[in-house]
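Single-structure report; data block below.
These numbers were taken from a predicted model, which means no experiment stands behind them. Residue numbers start from 1 in every chain, and the chains themselves are labelled A, B, ... in the order their sequence lines are given, proteins ahead of strands. Note that these values count all heavy atoms, side chains included, but never hydrogens, waters or copies made by symmetry.
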Amino acid sequence: MQAAPQVPALALHGVGRKFGALAAVGNVTLSVAAGERRAVLGPNGAGKTTLFNLICGDFPPTSGRVELFGQDITALPPHHRARSSVGRTYQTSLLFNGLSVMDNLVIAVRGAKPKRFSLALPSREDSAKAIALAERVRLDHLLETEVAQLSHGQRRQLEVGMALACDPRLLMLDEPAAGLSPVERPELLKLMRDLPRSITLIVIEHDMDIALPIADVVTVMKDGDVVVEGPPAMIETDPTVQAIYLGHGRAH
Amino acid sequence: MSERTGAVRTGLAARGVRSAWVLPASLALLAVLLVLPAVIPPFFTANILGRAIVFGIIAMSMTFLATYGGFVSLAQMMVAGIAGYTVAVLVPGAVPSIVGGVPYAVAIPLGLLAATAMGLLVGAIAVRTQGIYLLMITLALAVGVHLFIQTNIAWFNGYEGIRNVVGPEILGLPFRNTYVFYYTALVVAAVLYAMVLYVVRTPFGLALQGIRDNVRRVNALGYHAALHRIAAFGIAGFIAGWGGLLATFYNIGISPGTIGLGATVNILVMAVIGGLGHPIGAFIGALIFVVFDTFAADLYDRDRFNTLIGAIFLAIVLVSPDGVLGIARRLGRLLQRRPAAQPAEAPR
Ligand SMILES: Nc1ncnc2c1ncn2[C@@H]1O[C@H](COP(=O)(O)OP(=O)(O)O)[C@@H](O)[C@H]1O
Ligand SMILES: [Mg+2]
């Protein structure tokens with residue numbers, strides 16, 4: 001399916017999600033252009049992760065509409081969204097701990113293809129793709145290592161590798177730099193920079209040093225709603241943003 | 001702030017990383033089992049080894065689901081019984097004859113089909129449950145079907161069951177021949193065991209282990225986890241069906257008692273004693289169970305058997321939650337003087 005260039009990669013129309021009385025996401029309308037790099041900032045509890053969950057379909061929004069490349073996906077279950085090339089990572093790594101790095105990647109590679117019930121061994125092509133992904137996130141020396149044995153940083157890298165396995169058109173990273181060492185951070189930054197523009201990228205990130213250099217547009221959320229949206233230069237000097245970040249502290 | 005994870009965790013599932021020794025060890029065991037009947041009395045061949053293999057197949061259907069999917073199903077003995085009853089109802093010579101006249105070559109595939117269908121049905125009914133609720137719903141299904149069969153005279157001859165199901169002739173020899181029975185059971189078990197080890201390397205089997213470790217991620221990667229899960233119950237039903245057929249031929253018939261609550265618990269005991277970490281555990285557990293079942297009756301009176309096997313069950317669960325396999329694994333580590341690997345704690 002070829003989207004016309006002016007069709008946004010992602011469009012949210014008045015999207016909201018309530019948990020009981022709590023409106024985790026209030027009423028969010030935003031549009032991310034195809035190929036754009038978008039950073040989502042905001043204090044803990046602002047509803048950023050919930051917004052990701054609504055986009056990838058982990059649970060449906062209680063109000064509003066989600067459109068992916070012009071197609072309404074509000075009611076699609078999560079496995080259909082993955083098949084329409086939405087890749088994401090999780091704030092807390094959700095990996096297959098009992099399996100090897102290779103097996104984790106093979107599962108991710110096969111999930112994007114038909115024949116998910118296949119009882120034939122993974123093809124050479126599947127294995128090659130899994131290995132290429134491992135190289136991309138610098139885990140190719142650990143292919144046979146059980147995921148439970150990986151360090152925190154390696155788990156974060158594997159998260160990204162698995163999200164890339166479906167050749168996403170939209171890639172969503174939830175705090176990919178959280179807990180990474182000073183050595184790992186620049187590597188992550190490089191990986192994000194090297195992504196081709198055929199991938200639209202949305203990153204939730206607390207660390208402005210990671211978020212601002214790569215972002216075309218920054219969205220700042222607080223209490224479930226978007227408070228400011230604009231280019232990084234504007235966000236850096238915006239009084240509302242400074243109030244939020246001074247109020248809550250940049251670290252969390 | 002931690003994200004809510006839908007992670008499947010039974011604590012029973014072994015870590016599925018490949019071990020290099022599994023294949024050679026399995027082939028060595030198969031070789032031993034092939035020649036053993038030459039040196040042990042026929043009674044041992046049929047009533048100890050043969051019976052252990054048949055129970056082991058049914059227990060393996062439970063182990064398969066638990067090890068690779070994280071689902072503990074108590075319905076597997078009932079599912080096995082569906083295959084047994086299907087054949088008993090159909091074949092000629094059964095007493096009473098209910099349908100009769102359908103040759104074994106047709107009845108056996110139908111029995112396996114019925115067990116697979118029942119496995120799928122159990123999987124579909126239990127698809128939203130996990131942990132203790134899954135145990136309860138599968139137990140309820142097992143007991144329900146058992147009671148239905150026990151009270152249905154027209155199709156299943158009620159309480160008495162169906163006798164004289166002698167089994168097919170194999171290479172012109174009657175199934176009742178000790179060695180025909182033993183070697184058939186051994187070949188079936190070996191093929192099913194190999195099938196399980198193969199299936200878990202395929203995309204289907206890998207996704208099943210993904211469901212065990214993290215069902216939410218499996219969905220996010222594009223899989224329909226619920227359908228996958230139901231399909232796994234279908235495969236387990238197929239495996240259990242073979243066990244049910246062999247058990248029916250071994251017992252020369254089937255009655256509700258063989259698929260009742262007691263039999264269901266026995267399969268659970270075997271699977272847990274052996275260890276829910278690898279399919280071979282089912283056969284180890286079944287052998288231990290059958291040995292005690294056979295000889296405890298001589299040592300004590302019959303009623304004490306349950307006390308004895310119950311005590312062993314408790315001891316194993318307390319000492320080694322992953323059964324005899326877990327004990328063996330730990331001994332192996334001690335001998336290699338390698339400390340047990342510590343899983344990395346995921347920081348928030
Ligand atoms: N599954 C859930 N059930 C109930 N409350 C939730 C759930 N997920 C998130 N919340 C609540 O929604 C609010 C926003 O959370 P979240 O989206 O994780 O924020 P952020 O990612 O910006 O830190 C929080 O108050 C959180 O407790
Ligand atoms: Mg969050």
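- Contacts from residues 108-116 of chain A to chain B, taken as heavy-atom pairs separated by less than 4.5 Å, involve Ala108(A), Arg110(A), Gly111(A), Ala112(A), Arg116(A) in sequence order.
- Distance check, rounded to the nearest 0.5 Å: CD1 of Ile211(B) to CD1 of Ile107(A) gives 9.0 Å.
- Asn219(B) contributes no side-chain N or O that, together with a main-chain N or O of Pro78(A), makes up a donor-acceptor pair within less than 3.5 Å.
- Interface with chain A: from residues 225-232 of chain B, residues Leu227(B), His228(B), Ala231(B) qualify, criterion being any non-hydrogen pair under 4.5 Å.
- With rounding to the nearest 0.5 Å, the separation of CG in Leu208(B) from CZ in Phe117(A) is 10.5 Å.
- Counting only heavy atoms from C-beta outward, the side chains of Arg216(B) and Leu94(A) approach each other to under 4.5 Å.
- For Arg83(A) (side chain) and Gly222(B) (main-chain N/O), a donor-acceptor pair under 3.5 Å exists by modelled atom type.
- Residues Arg217(B) and Asn104(A) bring no donor and acceptor atom of their side chains to less than 3.5 Å of each other.
- Side-chain atoms of Asp103(A) and Arg201(B), non-hydrogen and from C-beta on, do get closer than 4.5 Å to each other.
- What you find for Ala120(A) and Pro203(B) is that their closest heavy atoms are O-CD, 3.0 Å.
- Within 6.0 Å of atom CZ in Arg330(B), more than 12 heavy atoms from other residues, nucleotides or ligands are found, so the atom counts as buried in its surroundings.
- Legend: residues meeting ring pair (Phe, Tyr, Trp, His ring centres under 6.0 Å) with Phe19(A), ordered by chain and number and at least two apart, are Phe59(A).
- Within a 6.0 Å sphere centred on CD1 of Ile132(B), heavy atoms belonging to other residues, nucleotides or ligands number 12 at most.
- Chain B forms the most heavy-atom pairs under 4.5 Å with one residue out of Thr50(A), Asp58(A), Val86(A), Asp126(A), and that residue is Asp58(A).
- Looking at Glu159(A), both its backbone and its side chain come within 4.5 Å of chain B, counting heavy atoms on both sides.
- Partners of Phe96(A) under the ring pair (Phe, Tyr, Trp, His ring centres under 6.0 Å) rule, at least two apart in sequence or in another chain, do not exist in this structure.
- Leu119(A) is listed as a side-chain neighbour of Val199(B), based on a closest heavy-atom distance under 4.5 Å.
- The two residues Asp213(B) and Leu99(A) come nearest to each other via the heavy atoms OD2-N, 3.9 Å.
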